[in-house]
Peer 1: 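Handing you a structure now.
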2 protein chains.
Amino acid sequence: MPRVTEKYRKARRDEIALAAIRCLERKGVHDTSIADIVEESGLSTGAIYSHFSSKVELARYIVAEYLFPRLDQLERSAGMITPRDVLTTMLAVFTDTGLPPRIVLQFWGEATIGGELREEMLRTVARLRSALGAALMPWAELQTSDAAAAEALVADAIRAVVPLAQGYVANTALFGPRDPREYVDSVVAALT
Amino acid sequence: MPRVTEKYRKARRDEIALAAIRCLERKGVHDTSIADIVEESGLSTGAIYSHFSSKVELARYIVAEYLFPRLDQLERSAGMITPRDVLTTMLAVFTDTGLPPRIVLQFWGEATIGGELREEMLRTVARLRSALGAALMPWAELQTSDAAAAEALVADAIRAVVPLAQGYVANTALFGPRDPREYVDSVVAALT
DNA sequence: ACCTGAACACCGTTCAAGT
DNA sequence: ACCTGAACACCGTTCAAGT
């Protein structure tokens, strides 16, 4: 397969995906139809189906390619960082990139039904967890000299950080934007 | 209007709503059609539309009548309770009543689009916030003798407790059930 | 190989006609 | 007044036919 074709396919897929995202922001997951994406992209129904086998496949592509593209931001953060820092850094992705929490929340809703979208979501979360683990290890090793205990500490922290991030997403999606640092501080203040 | 008719209408609405909930648990919000509810309830399409003006109206009814019926549990809890206690009590509603977090999460997703479902959601959350406020006031008054400062303390606590509860819902909806107390403890441990 | 757009099965909703 | 179920506009998806 020549390289030009590959590039062309990727460009077309992105063209469709970006048109779809514009529709999603305007109308939401539920109310965006293939006909809307056809109109927004200027392509035909068949053209879209020759690049994505279904609406769910298009959704998977958007999730994988646009909704969680900044996990490397976590992986690059060096030095000793606490669970609090990790959480704040993670949430900053939303304010920094303009990634709409509304769309993420809607995808979660759809993912609870099962199917391929759920599989894609679980894969993404697995990647996220391992990035979190790597970022937290230096901190855990400072708490204890036992390697197994450090692993357990990291696992516990992840069990807290993931739902805390989910709470931020659900909350801002429904009630409007909020500063990540203020959110974390408010949670700490309330629980201690 | 005679009372018997009123009662009959309520009974029919509940009959339809419960059939719908059985479908929702089986297939999710997205994949449950009116035809499914027709089959599950044994009624006709027109019968459903003579009790609910649309699918969204049915959804609103389910949310208002079945998804948040236990707010009074909070309002009844007496004595000095901390934000931590309030959060744990609130989350216990899910484990105690078998209310499926998956359905709640899906409704949140739909509510981000706007429309009547969003209005209904905001009304329910407003009720929830005032119940939380009432439950937390004795605790706040123990922290400070200034009435305004106590109010502010309550407001801050609510700003933390609501997203923490949302995080629990999103997390259990996607990754399976979890003990509320364990969740709260894990968050406290990670952030302090 | 990519693209077109009519055709298909199914969706939510309406409404004339029944009781 | 409640209910029936055929009819309607629209949905996601397919596929013969074009380039």
Side-chain angles (χ1 to χ4, degrees), chain A residues 1-17 19-21 23-24 26-63 106-107 109-111 113-117, chain B residues 1-17 19-21 23-24 26-63 106-107 109-111 113-117:
Chain A
M1 198 74 74
R3 192 123 62 89
V4 210
T5 306
E6 198 88 328
K7 246 184 192 157
Y8 174 80
R9 274 198 71 81
K10 164 78 173 143
R12 259 286 145 95
R13 284 164 79 91
D14 284 332
E15 188 185 339
I16 294 164
I21 289 174
C23 293
L24 290 173
R26 217 172 33 237
K27 315 182 74 177
V29 171
H30 185 82
D31 282 359
T32 293
S33 65
I34 294 290
D36 292 326
I37 301 169
V38 165
E39 194 176 4
E40 179 73 33
S41 66
L43 299 169
S44 71
T45 320
I48 287 168
Y49 276 90
S50 77
H51 286 279
F52 297 100
S53 64
S54 72
K55 206 185 172 188
V56 166
E57 228 265 299
L58 170 56
R60 291 206 315 160
Y61 184 80
I62 290 172
V63 171
Q106 286 174 41
F107 274 113
E110 302 287 333
I113 300 161
E116 293 183 72
L117 195 53
Chain B
M1 197 76 72
R3 193 121 64 89
V4 211
T5 306
E6 198 87 331
K7 246 183 193 158
Y8 173 80
R9 275 198 69 81
K10 163 79 173 142
R12 259 287 146 95
R13 284 165 78 92
D14 285 330
E15 189 185 340
I16 294 165
I21 288 173
C23 294
L24 290 173
R26 217 173 32 238
K27 317 182 72 177
V29 170
H30 185 84
D31 282 359
T32 293
S33 65
I34 295 288
D36 292 326
I37 302 169
V38 164
E39 194 177 4
E40 180 73 35
S41 66
L43 299 169
S44 70
T45 319
I48 286 167
Y49 277 90
S50 76
H51 287 279
F52 297 100
S53 63
S54 72
K55 207 185 172 188
V56 167
E57 228 266 299
L58 171 56
R60 293 206 315 162
Y61 186 79
I62 291 171
V63 171
Q106 287 173 41
F107 273 114
E110 301 286 334
I113 299 161
E116 293 183 71
L117 195 54

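Throughout, protein chains are lettered first and strands after them, A, B, ... in sequence-line order, and every chain is numbered starting at 1.
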Peer 1: Quickly work out the Ile34(A) CD1 to dC8(C) P distance and round it to whole Å.
Peer 2: 20 Å
Peer 1: Checking side chain to side chain contact (heavy atoms under 4.5 Å, CB included) between His51(A) and each of Ile16(A), Leu43(A), Leu58(A), which is the one that passes?
Peer 2: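 Option passing the side chain to side chain contact (heavy atoms under 4.5 Å, CB included) with His51(A): Ile16(A).
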Peer 1: If you round to the nearest 0.5 Å, how far is CZ of Phe107(A) from CG of Leu24(A)?
Peer 2: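 If we round to the nearest 0.5 Å, Leu24(A):CG and Phe107(A):CZ are 5.5 Å apart.
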Peer 1: Roughly how far, to the nearest 0.5 Å, is the OH atom of Tyr49(A) from the NZ atom of Lys55(A)?
Peer 2: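 Between Lys55(A) NZ and Tyr49(A) OH, I get 8.0 Å after rounding to 0.5 Å.
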Peer 1: Output the rounded distance in Å from CD1 (Ile48(A)) to P (dG5(C)).
Peer 2: 13 Å
Peer 1: Kindly point out which of dC2(D), dG5(D), dT13(C) is positioned nearest to the side chain of Tyr8(B)?
Peer 2: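 Side chain of Tyr8(B) sits closest to dC2(D).
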Peer 1: Can you tell me the distance, in whole Å, between the CG atom of Asp31(B) and the C1' atom of dA9(C)?
Peer 2: 16 Å
Peer 1: How many angstroms lie between atom CG of Asp31(B) and atom CZ of Arg26(B), to the nearest 0.5 angstrom?
Peer 2: 11.5 Å
Peer 1: Taking any heavy-atom pair under 4.0 Å as a contact, classify Thr45(B): base, sugar-phosphate, or nothing.
Peer 2: base
Peer 1: Report the secondary structure of DNA chain C in dot-bracket form, marking unpaired bases with a dot and bases paired to a different strand with |, and treating Watson-Crick or G-U pairs with both distances under 3.5 Å as paired.
Peer 2: ||.|||||...|||||.||
Peer 1: Of Thr32(A) and Gly46(A), whose nearest nucleotide on DNA chain D comes first from the 5' end?
Peer 2: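 Its nucleotide being nearer the 5' end, the pick is Thr32(A).
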Peer 1: Within the side chain of Asp36(A), is there an N or O that forms a donor-acceptor pair under 3.5 Å with the backbone of Ser33(A)?
Peer 2: yes
Peer 1: In whole angstrom, what separates His51(B)'s NE2 from dA1(D)'s C1'?
Peer 2: 10 Å
Peer 1: For Gly42(B) and for Ser53(A), find the nucleotide of DNA chain D with the closest heavy atom, then tell me which residue's nucleotide is more 5'.
Peer 2: Gly42(B)
Peer 1: Side chain of Ala35(A) only, please: which of dT14(D), dC11(D), dT4(C) is the nearest?
Peer 2: dC11(D)
Peer 1: Rounding to an integer number of Å, can you tell me how far Leu43(A) CG sits from dT4(C) P?
Peer 2: 6 Å
Peer 1: Is Arg9(A) near enough to dA1(C) that one of its side-chain N or O atoms lies under 4.0 angstrom from OP1 or OP2?
Peer 2: no
Peer 1: Rounded to whole Å, please give me the gap between NZ in Lys10(B) and P in dA1(D).
Peer 2: 22 Å
Peer 1: Are the side chains of Arg60(A) and Glu57(A) in touch, meaning some heavy atoms are under 4.5 Å apart?
Peer 2: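 A side-chain contact exists here, since the closest heavy-atom pair is under 4.5 Å.
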Peer 1: Can you identify which nucleotide, out of dC11(C), dC2(C), dG12(D), has its nearest atom closest to the Thr5(A) side chain?
Peer 2: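 For Thr5(A), the side-chain atoms sit closest to dC2(C).
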Peer 1: Expressed in angstrom and rounded to an integer, what is the separation of Lys55(A) atom NZ from dC11(C) atom P?
Peer 2: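 So the NZ-P distance, Lys55(A) to dC11(C), works out to 14 Å.
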Peer 1: In whole angstrom, what separates Glu6(A)'s CD from dC2(C)'s C1'?
Peer 2: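 One finds 15 Å between C1' of dC2(C) and CD of Glu6(A), rounded.
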Peer 1: For the atom pair CD (Glu15(A)) and CD (Glu40(A)), what is the distance rounded to the nearest 0.5 Å?
Peer 2: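 Taking CD in Glu15(A) and CD in Glu40(A), the distance rounds to 11.0 Å.
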Peer 1: Would you indicate which nucleotide in dC11(D), dT13(D), dT14(C) comes nearest to any side-chain atom of Tyr49(B)?
Peer 2: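 Taking heavy atoms from C-beta onward, the closest nucleotide is dT14(C).
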